[in-house]
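Okay, so here's the structure we're looking at.
Residue numbers start from 1 in every chain, and the chains themselves are labelled A, B, ... in the order their sequence lines are given, proteins ahead of strands.
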Protein chains: 2
Amino acid sequence: VTATDAVEQVGAREALDALRAVVGDDHLLTDTAARATFEQPWRGAAGSALAVARPADVEELRGVVRVAVAHGIPLVLQGANTGLVGAGVPDGTGRQVVVSLTRLDRIRELDVVDRTVVVEAGRDRESLDQALAEYDLELPVDLGASPSIGGMVATNTGGARMLRHGDMRRRTLGVEVVVIDADATLLSDLGALRKDNGRLHLHDLVVGGDGRRGIVTAAAIEVELRPATRTTALLVPSGVDAVMHVLDVFERGSGHALSAFEVMSDTALGWVRAALPAVADPFPAGAPALTVLVELSDRDASRDLEGLLLRLGSELAASGHLLDALVVPPRTAWTLRHSLSEAAALCARARGRRIFALDVSVRRSRLPALIAELERVVSDDTSGRDLDGDLELGHFGHWGDGGAHLLLSMSAGATEHDISSVRRELHEVVAAAGGSFSAEHGIGPHNLASYLTFVPAWQRDLESTVQRLFDPCALLGHVSAGPTT
Amino acid sequence: VTATDAVEQVGAREALDALRAVVGDDHLLTDTAARATFEQPWRGAAGSALAVARPADVEELRGVVRVAVAHGIPLVLQGANTGLVGAGVPDGTGRQVVVSLTRLDRIRELDVVDRTVVVEAGRDRESLDQALAEYDLELPVDLGASPSIGGMVATNTGGARMLRHGDMRRRTLGVEVVVIDADATLLSDLGALRKDNGRLHLHDLVVGGDGRRGIVTAAAIEVELRPATRTTALLVPSGVDAVMHVLDVFERGSGHALSAFEVMSDTALGWVRAALPAVADPFPAGAPALTVLVELSDRDASRDLEGLLLRLGSELAASGHLLDALVVPPRTAWTLRHSLSEAAALCARARGRRIFALDVSVRRSRLPALIAELERVVSDDTSGRDLDGDLELGHFGHWGDGGAHLLLSMSAGATEHDISSVRRELHEVVAAAGGSFSAEHGIGPHNLASYLTFVPAWQRDLESTVQRLFDPCALLGHVSAGPTT
């Protein structure tokens, strides 16, 4: 133990005592066992935290921030811990304090006539949705996982129904934020107005902030009436180039009834078949190269959406754009769709392989060509990494919004360096097509190298400037992109 | 002429020469007559500019900015000059240069499959919409006027169909901005991705910026397919408290087919009858206290929207919430709706009265009570201004989004001070209800006092900080709110 280490240990002990005084003994976790679930991300390697603080409310949270600023303790914010880029878990230094927001989970206000809800950041999507369902309302930003509202604000989640309902940026009408300064200044802008152009909105600065623009403690969100009728089908397009025509015909023919347009690859569906036999397999003879999940839904219960779907499907079959169309119950379709990630992970484990996920986007007009190019790059293995055809790509995603999730499987021998270089190579293909290396996962440590490569310096500088407004001592998160000037 | 004046005149002459060298003799307007249309706002008193510069393209615009920064010339940005808060016209000092953006009007790119357009800031809404119509597309942010796209971005226009289509914030996928610095730095972020959470978006910082966060030169916008069927009706609710129930029944019964829900007062409709006899009068026996314009529209041409509308209307008549319902052609309904402002102005002129407009919003659940309270305040004349019942209020607006336009008429003898004090009094009522003094008009000089009164200091400081990122010398606009710290 060096003198510096000793001084640091004394400082850390003092900080922990101060944090304990704020949140109470039961909610400052310092034991290895107690910390573990907060250190382990949903996918990937665990980090190591100095402690986990679980404040009960905004005032305790502010107390945590005051201690962190006074002692210079770096903080990592965690909601439901469903993130996929490592932003919600500590790094390996053992010096960060994880601030878990799950106890800030109150619905502060639900205005049914206004169709707005003010909800705390630690509330998870599913349990918010259950509460809304009692009033025939829903948060229509839908996805397989159940992240916290704070996490959804931080990553500007879009999900599978963004096509009709927009992302969190579109639905957030206000936020409450704790600034990481000596006073833990509380900024509150929760008026929940749809129209208000009399001032700069706080939420415009923090939505999509990757957990690095202060701590969002609550959000005012515009919610929707739940659909009264819904029909789903699995469509088999004649090829990748036919998909956008299928989308066009559905948009022109069904308008706002179109609530999802998802595409899944044969490799991805193969993983489900192999790993999750309990999930209904719509293609017992083997999945086609691409499958489209299309959903029509409406409040107007009198609409014959299945008839509309069959009519549009027949039209597309007649024009040669569809090879097949199966009407399946919504639950069947979405169980299949939402099991893809889990199936990929299970398959990889069973086969002793590693798996990692990219989440890219591009203008939807360029998506078919991008997918074809990504598949070519994966199979050609042009990187010189000598993976001998080891790399496997299963993709699925929100083609109606230009988004595609890429699940990549590699043999167990693949190193972190191998993964990074594949990520970099595929991100380069996406960037060349004018796309984004992170459609909705955020930046976090996993995408930091791509952030530094593909986002121009002026834009990173601007982001650093905005971050400093909310976190002047740079204590939040462990991405240290830093200003370039 | 003092020595200071003389020095200033020499400086101004040099600046004008430099501007002339940039935009050419024909496009630097210094004559009183040539300047006049750029100095006169759509409504209200004219200002006086040093000159009007009309750059042909972004490079000329950057040249104008370089001259302005070098000479310390304050700039006022003007698009189609349809603004209602004075932000687009010069003040009375004769020292500002108006930068007219109308020559930057190109559609740079239209991606039909992607449903996105990249358009320059000076293009006006109607002519953009005409170009889009050739592809069966539309910009669904609809309003009576035809502002420039830059103006719509600056004020985050929502319009009459925001209920379904959102505002400019929701539809803008990217912007290009000229920073007001010595280099006239050009920041371009026009990738037009729907999903991109890998960086801070430039448009999050500038949409709704009131023309004071750099100069927006182009925007990438998500457009929509035009509806294939549309039906409109005028509904007569049984009272102000019935309106939100009518909205609720339409939202629950017709879902996303509901594309507008506008309310008009009897006073406002009376102005149309008096001033615009060519506009069809749906209520020859006199307008009811409130009239709702409801529009259903859809891409699915096979839908019987009129049947749906009549069914919901009958239901509401049976429950006592509607007294009457007239199905009228969309053109008739919208001509009536969009003639309210013009009729108010014509009426006021004919009767020798002054008119001014407020544009407020509140949670829609609170709108009926707010309107009742505003009408009470206007008729009670509690301000002690001794207006002897002079004040007249006609209102109309987007009740589905919580927005209400208030048109106020006063006798010719009313002073600017009288108008300011009425504005302040009504804005206080709105603020007490948790509403906004500017739903979508922006701030500008007309709303500056309310901005300083009703927006908290921390939020104004934040706004000043963001403005300084794009306009470090504070040359843009003539609102000088300034930092409070």
Q. Tell me, do Arg199(B) and Glu463(A) make a side-chain contact under 4.5 Å, heavy atoms counted?
A. yes
Q.
Tell me every residue that passes side chain to side chain donor-acceptor pair (under 3.5 Å) with Asp114(A), counting only those two or more places apart in sequence or in another chain.
A. Thr116(A), Arg194(A)
Q: Among Val207(A), Asn156(A), Val85(A), find the one that has a side-chain contact (heavy atoms from CB on, under 4.5 Å) with Asn197(B).
A: Asn156(A)
Q.
Please check: side-chain N/O of Lys195(B) versus main-chain N/O of Gly159(A), any donor-acceptor pairing under 3.5 Å?
A. yes
Q.
As an exercise: rank Glu224(B), Arg164(B), Gln467(B) by heavy-atom pairs under 4.5 Å with chain A and give me the winner.
A. Arg164(B)
Q) Relative to chain A, which of Glu440(B), Gln459(B), Arg252(B) shows the most heavy atom pairs under 4.5 Å? A) Arg252(B)
(Q) Give me the atom names and distance for the closest heavy-atom approach of Ser436(B) to Gly198(A). (A) OG-N, 4.4 Å
Q | Part of Asp401(B) lying under 4.5 Å from any heavy atom of chain A | A | both
Q. Who wins among Thr185(B), Leu308(B), Asp248(B), Asp167(B) for the most heavy-atom pairs under 4.5 Å with chain A?
A. Leu308(B)
Q) Does any heavy atom of chain A fall under 4.5 Å from the side chain of Leu190(B), the backbone, both, or neither of them? A) backbone
Q. Do you know which two heavy atoms are closest between Arg311(A) and Ser302(B), and how far apart they sit?
A. NH2-OG, 3.7 Å
Q. Is it the backbone or the side chain of His165(B) that comes under 4.5 Å from a heavy atom of chain A, or both, or neither?
A. side chain
Q | Residue selection (most heavy-atom pairs with chain B, distance under 4.5 Å) from Asn447(A), Leu205(A), Leu367(A) | A | Leu205(A)
Q. So which of Leu469(B), Leu200(B), Thr465(B) actually passes side-chain contact (heavy atoms from CB on, under 4.5 Å) with Thr465(A)?
A. Leu469(B)
